[in-house]
Amino acid sequence: MIGAQEITAMVLAGGRGSRMGGADKGLQKFNGTPLALNALMRLQVQQGGLLGELMLNANRNLGAYEAFGVPVWPDTLSDYAGPLAGFLTGLERAELPYLLTVPCDVPRFPLDLVQRLAQAFDDPATEIAMVSAPEDGQMRAQPVFCLMKVGLLESLVAFTQAGGRKIDRWTEQHRCVLVPFDRPGDDPNAFVNTNTLDELHTLEQSGP
């Protein structure tokens with residue numbers, strides 16, 4: 001069981017933004033709010049009271065991110081090593097027993113995200129809970145939405161030092177539970193990510 005305020009949440013905004021023409025994705029606006037700030041705001045109103053700390057992972061424009069009012073940590077791995085580098089930074093910096101990662105470019109993730117992922121830890125064997133959501137007519141894992149035990153730091157250090165960069169290759173080494181987000185009433189666009197400005201504008205226009 002995960003108790004109140006036992007989770008550190010980290011927004012991942014450290015990518016190159018290559019499909020946005022090199023733009024810093026976390027600073028692009030969704031309905032007038034920078035994507036990274038939008039993610040922080042959605043974390044602040046998560047149901048269940050399980051989040052105790054918020055952090056942000058970014059690798060450029062650090063002053064702009066610091067203005068959002070939470071600690072900002074760059075990757076400890078060099079050369080934009082991908083989301084797993086953000087995981088590593090989060091595990092190194094988190095002071096609470098669990099770390100949640102969310103990407104900055106999925107602006108409508110659910111407000112019960114934390115609560116539902118945390119239920120997977122009612123089984124003491126669980127080490128990682130990962131979102132599974134409908135995509136192209138079937139359920140697919142969403143590996144950047146992970147809740148994990150902070151004690152996995154040593155494992156991830158070893159994996160990345162050996163050159164590992166893919167999230168699923170690392171999570172499959174552990175007891176990872178897929179948590180489905182396909183209940184009636186779940187937003188079908190909850191886990192739509194916005195890799196381009198066109199995708200961002202399309203999602204803005206698709207309703208609340």
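Looking only at side-chain heavy atoms (C-beta outward), Leu35 and Pro107 come within less than 4.5 Å of each other. Arg42 places a side-chain heavy atom less than 4.5 Å from the side chain of Asn38. Looking at heavy atoms from C-beta onward, Ser155 lies in side-chain contact with Gln173 at the 4.5 angstrom threshold. Between Leu153 and Leu88, the closest side-chain pair of non-hydrogen atoms falls below 4.5 Å. Contact of the Phe145 side chain with the Val179 side chain is not registered, since no non-hydrogen atoms from C-beta on lie closer than 4.5 Å.
Criterion: ILVMFWY side-chain heavy atoms under 4.5 Å apart, direct or through other members. Under it, Met139 and Leu178 are not part of a common hydrophobic cluster. Hydrophobic cluster membership differs between Leu111 and Val11, with clusters built from Ile, Leu, Val, Met, Phe, Trp and Tyr side chains linked at under 4.5 angstrom. There is a path of hydrophobic side-chain contacts, each under 4.5 Å, that joins Val150 to Val70.
What you find for Leu50 and Gly3 is that their closest heavy atoms are CD2-O, 3.4 Å. Closest approach of Val106 to Phe191, counting heavy atoms only: CG1-CA, 3.5 Å. Contact detail for Pro74 and Val72: the closest heavy-atom pair is CD-O, 4.0 Å. Summarising the geometry of Leu43 relative to Ala9, their closest heavy-atom pair is CD1-CB, 3.9 Å, with the distance given to 0.1 Å. Contact detail for Arg183 and Asp186: the closest heavy-atom pair is N-OD2, 2.8 Å. Phe68 and Ala36 make their closest contact through CE1-CB, 4.0 Å (heavy atoms, listed as atom of the first residue, atom of the second, distance).
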- prompt: Can you list the steps and then say if Leu113 with Phe181 is a side chain to side chain contact (heavy atoms under 4.5 Å, CB included)?
  reply: CA-CA 9 Å; Leu113 171 73; Phe181 281 76; 3.9 Å; yes

- prompt: After noting the C-alpha distance and the side-chain angles of Leu77 and Arg165, does the key distance pass the side chain to side chain contact (heavy atoms under 4.5 Å, CB included) rule?
  reply: CA-CA 11 Å; Leu77 294 175; Arg165 292 294 182 267; 4.2 Å; yes

message: side chain to side chain contact (heavy atoms under 4.5 Å, CB included) for Leu99 and Met148? Distances and angles first, verdict last.
response: CA-CA 5 Å; Leu99 174 71; Met148 67 198 82; 4.1 Å; yes

query: Yes or no on side chain to side chain contact (heavy atoms under 4.5 Å, CB included) for Met10 and Trp73, after CA distance, side-chain angles and deciding distance?
result: CA-CA 10 Å; Met10 171 167 268; Trp73 301 107; 4.2 Å; yes

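Between the SG atom of Cys104 and the CG atom of Leu12 there is a distance of 8.0 Å, given to the nearest 0.5 Å. The OG1 atom of Thr101 lies 7.0 Å from the CD1 atom of Ile167; values are rounded to the nearest 0.5 Å. To the nearest 0.5 angstrom, Thr33 atom OG1 is 5.5 Å from Met41 atom CE. To the nearest 0.5 angstrom, Leu147 atom CG is 4.5 Å from Ile7 atom CD1. Taken to the nearest 0.5 Å, the CG atom of Leu100 stands 10.5 Å off from the CE atom of Met55. Taking CZ from Phe159 and OG1 from Thr171, the interatomic distance works out to 8.5 Å, rounded to the nearest 0.5 Å.
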Show which side-chain atoms of residues 123-134 pair as donor or acceptor with protein atoms under 3.5 Å away, not counting sequence neighbours.
{"from": "Asp123", "atom 1": "OD1", "to": "Ala125", "atom 2": "N", "distance (Å)": "2.9"}
{"from": "Asp123", "atom 1": "OD2", "to": "Arg175", "atom 2": "NH2", "distance (Å)": "3.3"}
{"from": "Thr126", "atom 1": "OG1", "to": "Ala120", "atom 2": "O", "distance (Å)": "2.7"}
{"from": "Thr126", "atom 1": "OG1", "to": "Asp123", "atom 2": "O", "distance (Å)": "3.3"}
{"from": "Glu127", "atom 1": "OE1", "to": "His174", "atom 2": "ND1", "distance (Å)": "3.4"}
{"from": "Glu127", "atom 1": "OE1", "to": "Arg175", "atom 2": "N", "distance (Å)": "2.9"}

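With hydrogens and angles ignored, the 3.5 Å screen pairs no side-chain donor or acceptor of Asn193 with any backbone N or O of Asp105. Proximity of a side-chain donor or acceptor of Gln115 to a complementary backbone N or O of Asp112 within less than 3.5 Å is not detected.
Applying the 6.0 Å contact sphere to CD of Glu172 captures more than 12 heavy atoms from other residues, nucleotides or ligands.
For Phe121 and Tyr98, the ring centers sit closer than 6.0 Å to each other.
The stretch residues 44-57 participates, sequence neighbours left out, in these side-chain hydrogen bond (donor to acceptor under 3.5 Å, both in side chains) pairs: Thr8-Glu53, Asn57-Asp75.
For Arg169, there are no salt bridge (Lys or Arg N to Asp or Glu O under 4.0 Å) partners, not counting sequence neighbours.
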